[in-house]
Protein chains: 2
Amino acid sequence: MVTTPAQTTETTHGATADGGRDRAKRADAVRNVEAILAAATRVLATDPDASINEIAKAAGVGRVTLYGHFDSRATLVREVVDRAIAQTDEALATVDLDGDPREALGRLLEATWHLTHRFGALVVAGSQVLPPEEMSRAHEGPAQRVRGLLERGRAAGELRDDMPVDWQVSVLQAILHGASAAVHRGEITADEAPALVRATTLGALSA
Amino acid sequence: MVTTPAQTTETTHGATADGGRDRAKRADAVRNVEAILAAATRVLATDPDASINEIAKAAGVGRVTLYGHFDSRATLVREVVDRAIAQTDEALATVDLDGDPREALGRLLEATWHLTHRFGALVVAGSQVLPPEEMSRAHEGPAQRVRGLLERGRAAGELRDDMPVDWQVSVLQAILHGASAAVHRGEITADEAPALVRATTLGALSA
DNA sequence: GATAAACTGTACACACTTGTTCGAGTTAGA
DNA sequence: TCTAACTCGAACAAGTGTGTACAGTTTATC
């Protein structure tokens with residue numbers, strides 16, 4: 001699902017606020033917004049300090065065009081982080097978390113791995129421009145899903161319950177990010193990563 | 001062991017290169033160099049983008065004084081990272097890695113945990129200004145120690161050997177950094193961290 | 001006590017980034 | 001076809017950070 005930014009302020013070269021226009025946004029404008037968001041996601045995932053100029057170039061648009069769609073770098077980063085979290089939540093929503101907790105955890109990890117690898121350092125970029133509560137709130141949906149499954153596994157005696165569940169969520173995230181970093185360093189391949197993440201995480205969390 | 005920077009270029013206010021002076025560095029200069037290195041370590045461990053100004057203030061010296069001892073921000077960061085790695089290697093050298101591999105791993109993790117928590121994002125700061133090979137080389141000593149122990153545990157059948165040993169080294173590092181981040185977020189305390197790290201890592205790596 | 005080493009605040013130059021303005025050209029959609 | 005939406009390069013302003021120069025002050029060591 002593609003979300004486009006709500007432009008609530010007038011842009012500098014006369015483009016009106018959404019509320020004031022007689023018709024929907026032009027097709028090339030819609031395409032450019034999507035190109036900017038995709039480029040920002042890609043670039044910020046590996047370099048959270050990337051400039052507006054670098055993002056605009058990666059998107060194939062001018063800086064003024066980017067500013068025509070996003071009020072500031074912070075606005076763009078917020079939009080990109082929100083989209084990533086929404087896509088994560090949406091992808092996790094399709095994962096079957098019923099049945100055996102350990103098998104469900106394996107399925108969850110498979111889905112989550114791809115998202116973590118794709119979004120990488122985006123969280124760092126977000127942390128630099130967004131307040132901590134906003135970042136925390138953004139993460140709550142996906143984290144709650146994971147926590148719910150871990151609670152079920154602990155209650156069933158399949159996952160260890162001698163450590164805080166929030167710590168277990170952190171471990172899961174740490175292993176996922178570590179796998180992404182290892183792929184970037186060339187130590188493992190992206191194909192090998194899911195199985196390694198699954199085996200390692202299940203080993204760490206199993207009763 | 002304190003290492004001081006080798007000043008191979010003349011500084012702006014006439015201080016000569018080490019080779020050219022008739023006597024050792026003054027005591028207050030030695031003290032300032034140590035203050036700068038300690039401040040840089042502390043500041044960069046939590047904010048890898050910290051400016052020269054922030055580091056100088058934290059060290060209680062002027063910016064020009066800092067530039068008197070270090071040619072550039074990159075030079076300072078390199079020195080700080082090298083010191084951290086040397087201190088890590090030195091601390092690990094005192095850990096008894098003989099006997100039962102799992103127990104030895106527990107002792108290694110206890111020592112490593114403190115270092116990881118202390119140095120935190122220093123690695124990020126280093127990665128931003130140093131070439132990848134240099135960062136890799138810097139890590140080789142400590143990583144080799146860990147790898148050696150893991151190989152021994154694998155050969156003894158105590159640690160799982162169905163995954164690459166370099167991946168296991170990455171997992172160990174990921175869990176350590178994850179624990180440090182969890183302490184910073186207030187999810188666990190620094191006192192709880194060692195036991196959690198030990199239990200989780202042994203779970204993840206045990207046969 | 002003398003003197004060189006060391007420190008410091010101020011100022012400057014340069015580079016980069018963010019955000020804005022302008023005027024001209026292009027494009028999409030009615 | 002017409003026109004408003006949209007794009008864009010150039011230029012500008014402001015801010016930040018890095019690194020250098022200067023001149024005066026302070027400190028340590030012989």
Side-chain angles (χ1 to χ4, degrees), chain A residues 4-5 7 9-36 39-40 43-44 47-78 125 128-129, chain B residues 4-5 7 9-36 39-40 43-44 47-78 125 128-129:
Chain A
T4 55
Q7 283 174 300
T9 57
E10 284 201 7
T11 50
T12 51
H13 40 33
T16 61
D18 279 330
R21 72 180 65 212
D22 286 346
R23 68 185 185 195
K25 200 194 291 275
R26 265 170 49 170
D28 57 346
V30 170
R31 273 198 308 278
N32 275 346
V33 166
E34 183 48 38
I36 292 165
V43 171
L44 293 170
D47 178 10
D49 298 313
S51 66
I52 278 285
N53 198 43
E54 288 174 281
I55 295 170
K57 276 180 174 172
V61 301
R63 277 200 317 123
V64 181
T65 302
L66 192 155
Y67 276 109
H69 296 296
F70 299 93
D71 291 338
S72 66
R73 186 181 185 279
T75 300
L76 173 58
V77 170
R78 173 180 291 109
Q128 283 168 350
V129 300
Chain B
T4 56
Q7 282 175 299
T9 57
E10 282 199 12
T11 50
T12 52
H13 41 33
T16 61
D18 278 332
R21 73 180 65 212
D22 286 345
R23 69 185 185 192
K25 202 194 290 274
R26 261 167 53 171
D28 57 346
V30 171
R31 270 198 309 279
N32 276 345
V33 166
E34 182 48 38
I36 292 165
V43 171
L44 293 170
D47 180 10
D49 298 313
S51 66
I52 279 284
N53 199 45
E54 289 174 279
I55 295 169
K57 275 180 173 172
V61 301
R63 274 201 320 125
V64 182
T65 300
L66 193 156
Y67 278 110
H69 296 295
F70 300 92
D71 290 338
S72 65
R73 187 181 186 278
T75 302
L76 174 58
V77 169
R78 173 182 288 110
Q128 282 168 351
V129 300

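Quick note on labels: first sequence line is chain A, next is B, and so on, each numbered from 1.
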Q) Where do A125(B) and P48(B) come nearest, in terms of heavy atoms and distance? A) N-CB, 3.6 Å

Q.
If you only use heavy atoms from C-beta on, which nucleotide in dG29(C), dC6(D), dT8(C) is closest to the side chain of A27(A)?
A. dG29(C)

Taking only nitrogen or oxygen atoms into account, show me every contact under 3.5 Å that the protein makes with nucleotides 25-27 of chain D, one pair per line with its distance.
| residue | atom | partner | partner atom | Å |
| --- | --- | --- | --- | --- |
| dT27(D) | O2 | R26(B) | NH1 | 3.0 |

Q) How many Å lie between NZ on K57(B) and C1' on dC7(C), as a whole number? A) 17 Å

Q.
Using whole Å, what does the distance between atom C1' of nucleotide dT20(C) and atom CZ of F70(A) come to?
A. 18 Å

**Q.** Heavy-atom pair with the smallest gap, counting every atom of R73(B) and S51(B)
**A.** NE-CA, 4.5 Å

(Q) Looking at every non-hydrogen atom in both residues, tell me the closest pair between I36(B) and I55(B) and how far apart they are. (A) O-CG2, 4.3 Å

Q: Heavy atoms only: give me the nearest T65(B)-N32(B) pair and the separation to one decimal.
A: CG2-ND2, 4.1 Å

Which protein N or O atoms sit under 3.5 Å from an N or O of nucleotides 16-18 of chain C?
| residue | atom | partner | partner atom | Å |
| --- | --- | --- | --- | --- |
| dT18(C) | OP1 | I52(A) | N | 3.4 |
| dT18(C) | OP1 | R73(A) | NE | 3.2 |
| dT18(C) | OP2 | I52(A) | N | 2.8 |

Q) Which one of K25(A), R31(A), R26(A) satisfies the side-chain hydrogen bond (donor to acceptor under 3.5 Å, both in side chains) criterion with D28(A)? A) R26(A)

Q.
Tell me the closest heavy-atom pair linking V77(A) and L44(A), and the distance in Å.
A. CG2-CD1, 4.0 Å

Q: Write down the distance between NZ (K25(B)) and C1' (dA4(C)), rounded to a whole number of angstrom.
A: 15 Å

Q. How long is the span from the CG atom in D49(A) to the CG atom in D49(B), to the nearest 0.5 Å?
A. 4.5 Å

Q. OP1, OP2 of dC7(C) versus side-chain N and O of N32(B): anything below 4.0 Å?
A. yes

Q.
It should be established whether T65(A) places a side-chain nitrogen or oxygen under 4.0 Å from OP1 or OP2 of nucleotide dC8(D).
A. yes

Q.
For a quick test of reading the model: is some side-chain N or O of H69(A) closer than 4.0 Å to OP1 or OP2 of dT7(D)?
A. yes

Q: Grab the two heavy atoms, one from A35(A) and one from A59(A), that are nearest each other, plus how far apart they are.
A: O-CB, 3.7 Å

